[in-house]
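Sequence lines set the chain letters: A, B, ... in the order given, protein chains first and strands last, and positions in each chain run from 1. As a basis for the values below, the full set of heavy atoms in this structure was taken, side chains included, without hydrogen atoms, waters or symmetry mates.
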Amino acid sequence: MELICIKNKNSEKTITTKGEIYRIAGPVVTITGIKPRMYDVVFIGELKLMGEVIQLTGEKSIVQVYEDTSGIKPGEPVIATGAPLMVELGPGLLTSIYDGIQRSLPILREKMGDFIARGIMEPGLNRKKKWKFVPSAKKGTTVSGGSILGTVQETPDIIHRVLLPSQLNGTLQEIKEGNFTVEDDIGQVNGKKIMLMQQWPVRLPRPFKQKLMPDIPLLTGQRIFDTLFPIAKGGTACIPGGFGTGKTVMQHQLAKWSDSDIVVYIGCGERGNEMTEVLTEFPALKNPRTGAPLMERTVLIANTSNMPVAAREASVYTGITIAEYYRDMGYGISLMADSTSRWAEAMREISSRLEEMPGEEGYPAYLATKLAAFYERSGRVPTLNDQEGSITVIGAVSPPGADFSEPITQNTLRMVKVFWALDTNLAHRRHFPAINWLTSYSFYMNTLETWFEEQVSADWKELRVKAMEILQKEAELQEIVQLIGSDALPEKEQITLEFARALREIFLQQHAGHEVDSYCSIDKQHKLLKTIIEYGNGAYKALDAGVQVSTILKMKSRDMLANSKFEKDFDKYLKKAQSEMKKEFQTMGVEAVSW
Amino acid sequence: MVKEYRTITDITGPLIFVERTDPVSFGELVNISLPDGTKKRGQVLDTSKDIVVVQVFEGTVGIDRASGVTFLGETIKLSVSQDMLGRILNGSGMPIDSGPKIIPDEKMEIIGSAINPWARDSPREFIQTGVSTIDGLLTLVRGQKLPLFSGAGLPHNEIALQITRQAKVIGKNEDFAIVFAAMGITHEEAQYFMKDFERTGALKRAVVFMNLADDPTVERLITPKLALTAAEYLAFSHDMHVLVILTDMTNYAESLREIGAARKEVPGRKGYPGYMYTDLATIYERAGRIKNKKGSITQIPIMSIPEDDWTHPVADLTGYITEGQLAVSRELHRKGIYPPINPLPSLSRLMRLGIGPGMTREDHRSVEQGLYAAYAKGRDLRDLIAIVGKEALSENDRKFLEFADTFENRFIRQGRDEERSLEQTLELGWELIAIVPESALTMIDRKTLEKYHPNYRKK
């Protein structure tokens, strides 16, 4: 029973009692003969498939199994472990790629080939690799759960702070320096051995001191997010959108460019080829702030749509527990869950096999509670060791038929503070990112304003308000244009349309696949927006000065401005565009536009 | 020591309930022998010490309580061999042509395990279909799953056949095969496919699984799984590039709903079971490429979407799993344009992996974007002239209208046997792009424009 001992090294008792299978219906298995606790892990059948107890009824217990149950018979043995589903936390998590229950996919491939076979339990962390541990806590001092004992250089950029498991406290009787595997003895607290690695039950949030106000933005390098609908570090956002609107591309963009220290990416019930894309792209991309390969700050969890549904349910918890662990070291983490709808569907599938009374659209009645509990594990917090860490949670939602009135979108919107609405129409027009600027919102706008005004520019709010105003006006004018054509509009309105078009095409559209445009620094965003607004204001003035609309629409500098965002030396090209624009406006008799 | 039980207690719809059995494993294959000697096959859906639920593939007609039930002790497997090429099998994998028995090389589980995401290789080999709309704007790559979203009365079968006939990877002469799975289509449609396969000699390279409209619906649930098992065998054991055509996925979903209803499951949208996403995923996700393996599986599922409503669960869930979709448009079809693929709502997610320098041509992306933008604008203007008349449009706008018409007539429209090379498609693309004013082509970068735009090439 070696594999069980591995999983439960830290649990108080390692009782293994035996029971047997009574009934099998897909991923739901009824067992008898043992009395496990709720959410305990059990191993089912001769193949020892891993499962989790999700219901107790009289003598029987119901288990959701993380692997396919074909070929398993009633009467086969069941082994209880007496411990809940745990993840292993320690150095080596970064750059890993796991399935929903923290089995390393590269190792699974080594052991069982290109297809995922069953009944193989694999520890989450490499047992052989040695890490250089440098203690920082002093022998003889009093330490408590969450205290930093020392550090390990996990990747060139990330220092892994080794934390005391939170159930331990007392005097640090011994601490060693040197090269250790995750299981080696690195010291003792109150007679208990400590290691580089610890375990944590995935369904239990890790402790912290309190939650802080979300007043620092998470910069994503995406113009529409940072400028119009910003998200705070420790905040929550959702990206709902029908298929083909670019949810996954946006999630990838966020994982690539957001200014967090660590990224946890959960591919939950999505396409296999998409994970392959992440795996081929990320190692080649560099973090724009540190220059290190992006993969070095990333933990990937891939439970694709055809992998077992119960493991999909667990994948979200596995991911957020890993995120919390790094948060407790004082890092900022972005967690992307793509997609939470598939997660909810996994819950629905299990729930329906349990013959539970369904809520809306067959989803279990506890859907809202589960979603809320997940999003509430976000936040910017002082950790137990008085560092500041944060988890920003960004969930993709895949509403059936792109209809946002369905239960997952609606229940998610009740929880999250930022709504990035993907729009099928925009996507069909190939306006990317296809985020609808009229229906999206961010509740962090006000709390983040001070930061933007202090760190970026004092005119931040003014520019943003102006841009939104023009876009809003355009939407109203579009209704008229639909009826009479744009040429029949008054000249001033034609300029408004052009102004809005410039905002849409130059500012809002951002080319995810373009080498330069994929990431846009906050400074570049500000300069670009400011110039577009000056262009628009200048155009109004030119019109007042009696210039023809057609002349204004032909301005060369507008194209130069549009192209500048694709240039590596953006500042140089922007300056050129600006001075050309100044010249052009001057020939139209407009002087007042200042740069 | 295979026991036969005569302990059927209940029969509802396609399900039979058997009690007092020895332990029976989940997913096990079942033989049912009727008093009149007929044999039927089924699969265990739910098993416990008290009662076993079996779904019968050939329908429960004629089964009574006295029928015998034998559990075969293994899950459903398909006997595979290279001799399958050129053969026609029924929806359960039994030969129905008059050919000899297929001697199995191997027996494979039909419920395929998931490909380890780590083992996947990213699809990036451009498949030339010879259809301009697909090659130019919605490029298909090896290992992709790209469905045809169609409706009743539209020529999706013809499009699928044309792709099958013409699909090739330029410059390579590799082993390829076609796996064709018919689910609930009519005899007429099936014949249409078979005739074409025979006419073009494709049948030699094809494995055909036929579950027709009057075949048992439950059998349909295993047909695509059998087909994909055969495809995996050919692709990953014999290095072939396999193109899998699944038609019609709507019928498959109907069968899924039927079983769900018979089991009294809690229904999801429109009565389809809540696990339909996962179930469809286990089919579609079996497309792809694997690192260090030569073969690949490319899927073209076809579905006729009721009332052309893309929010219908079958289309919607498929769209969430597949890598794009080809929209067969009723509007273009009515105009008499073949193939009526409307590029606007269509999408190929993997296109950008397969095009560009070194793969197709450096201007491929620019052509795509230019044509796309101009066509979208032209169609918008069409709506507008319905209200204000053509005269109210500016000179420039009229160019876009002209573009939209020419684009439909020359680019989208092509003969059923007309095969255009990628070169032809892209050249035609530039020729059409030249209709619209150059200033509207901001999406194309200067360098490419000056190199390829006909205005510059003349000079």
Which region of [X], side chain (C-beta onward) or backbone (N, CA, C, O), has a non-hydrogen atom less than 4.5 Å from a non-hydrogen atom of chain A, or is it both or neither?
X: Tyr275(B); value: both
X: Gln325(B); value: side chain
X: Ala315(B); value: backbone
X: Arg120(B); value: both
X: Gln43(B); value: neither
X: Arg289(B); value: neither
X: Glu323(B); value: both
X: Asn292(B); value: side chain
X: Ile290(B); value: side chain
X: Lys264(B); value: neither
X: Pro313(B); value: neither
X: Phe236(B); value: side chain

When rounded to the nearest 0.5 angstrom, what distance separates [atom1] in [X] from [atom2] in [Y]?
X: Ser70(A); Y: Ile76(B); atom1: OG; atom2: CD1; value: 9.0 Å
X: Lys49(B); Y: Lys73(A); atom1: NZ; atom2: NZ; value: 13.0 Å
X: Glu285(B); Y: Arg271(A); atom1: CD; atom2: CZ; value: 8.0 Å
X: Leu347(B); Y: Arg430(A); atom1: CG; atom2: CZ; value: 5.5 Å
X: Phe243(A); Y: Thr322(B); atom1: CZ; atom2: OG1; value: 7.0 Å

Are more than 12 heavy atoms from other residues, nucleotides or ligands located less than 6.0 Å from atom [atom1] of [X]?
X: Gln478(A); atom1: CD; result: yes
X: Lys447(B); atom1: NZ; result: no
X: Lys270(B); atom1: NZ; result: yes
X: Arg429(A); atom1: CZ; result: no

So if I apply the side-chain contact (heavy atoms from CB on, under 4.5 Å) rule between Thr47(B) and each of Ile21(A), Thr69(A), Ile24(A), Ile72(A), which one comes out positive?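 It is Ile24(A); the other options fail the test.
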
Side chain, backbone, both or neither: which part of [X] has an atom under 4.5 Å from a heavy atom of chain B?
X: Glu355(A); value: neither
X: Asp559(A); value: side chain
X: Glu67(A); value: neither

Any [X] side-chain heavy atom under 4.5 Å of [Y] side chain:
X: Trp118(B); Y: Leu279(A); result: yes
X: Arg109(A); Y: Lys291(B); result: yes
X: Glu76(A); Y: Pro23(B); result: no
X: Pro123(B); Y: Asn273(A); result: yes
X: Glu277(A); Y: Ser122(B); result: no

Do side-chain atoms of Asn116(B) reach the backbone of Phe115(A) as a donor and acceptor pair under 3.5 angstrom? no

Just by distance, no angles: are the side chains of Thr278(B) and Arg312(A) close enough, under 3.5 Å, to form a donor-acceptor pair? yes

Pairs of heavy atoms under 4.5 Å with chain A: top-ranked of [options]:
options: Glu28(B), Arg352(B), Arg446(B); value: Arg352(B)
options: Thr75(B), Asp445(B), Val24(B), Val44(B); value: Val24(B)
options: Asp279(B), Ile51(B), Asp380(B); value: Asp380(B)
options: Val266(B), Ile385(B), Thr282(B), Ile115(B); value: Ile115(B)
options: Gly27(B), Ser113(B), Ser346(B); value: Ser113(B)
options: Ile321(B), Leu344(B), Leu381(B), Thr311(B); value: Ile321(B)

If you count heavy-atom pairs within less than 4.5 Å of chain B, which of Glu356(A), Glu406(A), Arg348(A) leads?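 Option with the top pair count is Arg348(A).
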
Out of Pro358(A), Pro106(A), Gly267(A), which one racks up the most heavy-atom pairs below 4.5 Å with chain B?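 Looking at each option in turn, the highest pair count goes to Pro106(A).
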
Regarding Arg342(A) and the six-membered ring of Tyr320(B), is the cationic atom NZ or CZ under 6.0 Å from the ring centre and inside 45° of its axis?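 That pair qualifies as a cation-pi contact.
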
